[in-house]
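For reference, the structure discussed in these notes is given below.
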Amino acid sequence: MTEPTLIVPPSGAVTAHCLRLRPGDKLMPSLRQAASIILDRIPRERCGSAFVITAVGSLQDVTLRLANASRMDGDGEKNEGNDIKQYANQRFEVVSLTGTFSRDDGCHVHISLADAKGMAVGGHLIDGVVFTTCELVLGTAEGVEFVRQMDDETGYNELEVRQLLPKSDESKWSNMSKAALVITAIAFVAAKIKSR
């Protein structure tokens with residue numbers, strides 16, 4: 001097995017965005033809506049990524065996709081074995097919530113939950129309903145865009161991280177320098193012609 005070649009684009013400042021969900025709110029639509037609102041406030045050329053920094057709260061009526069998460073088996077054939085598990089009429093504490101969101105409404109969210117006996121369950125979050133509260137801190141990173149692209153190896157739209165390259169002040173100075181050079185050259189030629 002060869003070592004992977006990792007591409008890790010640099011990012012700029014990380015900004016935190018804090019909110020609270022109330023009893024009865026559906027978690028996934030609320031997360032998508034919050035990420036959309038946050039990203040809509042920021043110019044596209046500056047930021048195209050949002051992610052969960054932290055969350056605490058409680059949920060009920062949770063639906064998860066469990067760990068058999070490849071759509072392809074070892075022979076390259078489609079695998080329809082992803083287990084969707086519903087926990088109807090059960091209450092959980094949120095132990096961990098993590099995920100990424102992109103401007104095109106793409107997202108990937110995982111959650112870990114603890115039941116009344118402290119037993120943990122986790123997986124890909126399909127949805128859940130807030131029981132008492134869900135206190136969220138979402139983040140954005142300047143200079144980075146998250147895009148979802150189909151990955152033939154997994155059969156899913158997977159994260160592609162892209163660096164956003166803003167028009168820098170350096171290019172403005174470069175253009176101004178070129179203009180000044182052209183003006184100087186024209187003035188020089190005009191002076192030579194005038195001196196004849």
Side-chain angles (χ1 to χ4, degrees), residues 11-71 81-150 154 156-162 164:
S11 69
V14 172
T15 303
H17 309 268
C18 309
L19 64 143
R20 176 185 175 226
L21 303 181
R22 304 194 59 80
D25 288 345
K26 296 187 84 164
L27 184 55
M28 272 309 294
S30 297
L31 285 169
R32 285 178 182 269
Q33 181 182 22
S36 178
I37 289 168
I38 291 164
L39 288 172
D40 284 347
R41 292 180 186 159
I42 304 169
R44 273 186 185 275
E45 62 276 3
R46 207 172 95 206
C47 175
S49 61
F51 48 90
V52 177
I53 295 175
T54 192
V56 64
S58 60
L59 298 177
Q60 60 187 352
D61 300 324
V62 175
T63 304
L64 303 176
R65 187 179 74 222
L66 300 180
N68 191 18
S70 176
R71 284 193 180 162
N82 290 324
D83 293 326
I84 303 295
K85 178 86 174 173
Q86 293 184 317
Y87 299 90
N89 302 314
Q90 293 184 52
R91 296 176 181 160
F92 298 93
E93 289 292 324
V94 176
V95 177
S96 175
L97 179 70
T98 188
T100 57
F101 303 88
S102 56
R103 285 190 182 271
D104 62 2
D105 200 37
C107 69
H108 190 185
V109 179
H110 284 202
I111 194 165
S112 293
L113 303 164
D115 66 15
K117 295 180 181 178
M119 301 301 294
V121 64
H124 182 91
L125 179 63
I126 306 266
D127 209 356
V129 177
V130 175
F131 177 55
T132 58
T133 190
C134 189
E135 301 160 8
L136 295 163
V137 181
L138 301 182
T140 53
E142 287 187 15
V144 175
E145 177 181 36
F146 292 163
V147 179
R148 299 259 162 221
Q149 297 288 327
M150 177 53 71
T154 66
Y156 288 100
N157 287 330
E158 301 290 4
L159 181 68
E160 181 179 314
V161 181
R162 296 179 183 167
L164 296 173

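All values below come from the heavy atoms of this structure, side chains included, with hydrogens, waters and symmetry mates left out.
- Exactly one of Leu19, Ile53, Val56 qualifies for a side-chain contact (heavy atoms from CB on, under 4.5 Å) with Val137. That residue is Ile53.
- With sequence neighbours excluded, no residue satisfies ring-ring contact (aromatic ring centres under 6.0 Å, His included) with His17.
- Considering only heavy atoms from C-beta on, Leu97 comes within 4.5 Å of Leu125 through its side chain.
- Two residues are said to be in side-chain contact when any heavy atoms from C-beta on lie closer than 4.5 Å; Asn89 and Asp61 meet this criterion.
- Judged by distance alone, with hydrogens and angles left aside, the side-chain atoms of Ser49 form a donor-acceptor pair with the main-chain N or O of Ala141 at under 3.5 Å.
- A search for ring-ring contact (aromatic ring centres under 6.0 Å, His included) contacts involving Phe101 returns nothing, not counting sequence neighbours.
- Counting non-hydrogen atoms of neighbouring residues, nucleotides and ligands closer than 6.0 angstrom, the CZ atom of Arg20 exceeds 12 such neighbours.
- The aromatic rings of His110 and His124 lie perpendicular to each other, with more than 60° between the two planes, well past the 30° mark.
- Formation of a donor-acceptor pair under 3.5 Å by the Asp115 side chain with backbone atoms of Phe92 is not found in this model.
- At a threshold of 4.5 Å between non-hydrogen side-chain atoms, the residues Tyr87 and Leu64 count as touching.
- Asp127 contributes a side-chain N or O that, together with a main-chain N or O of Met28, makes up a donor-acceptor pair within less than 3.5 Å.
- Side-chain contact between Val95 and Leu113 is absent, with no heavy atoms from C-beta onward closer than 4.5 Å.
- Counting only distance, with no hydrogens or angles, the side chain of Ser36 and the backbone of Arg32 share no donor-acceptor pair below 3.5 Å.
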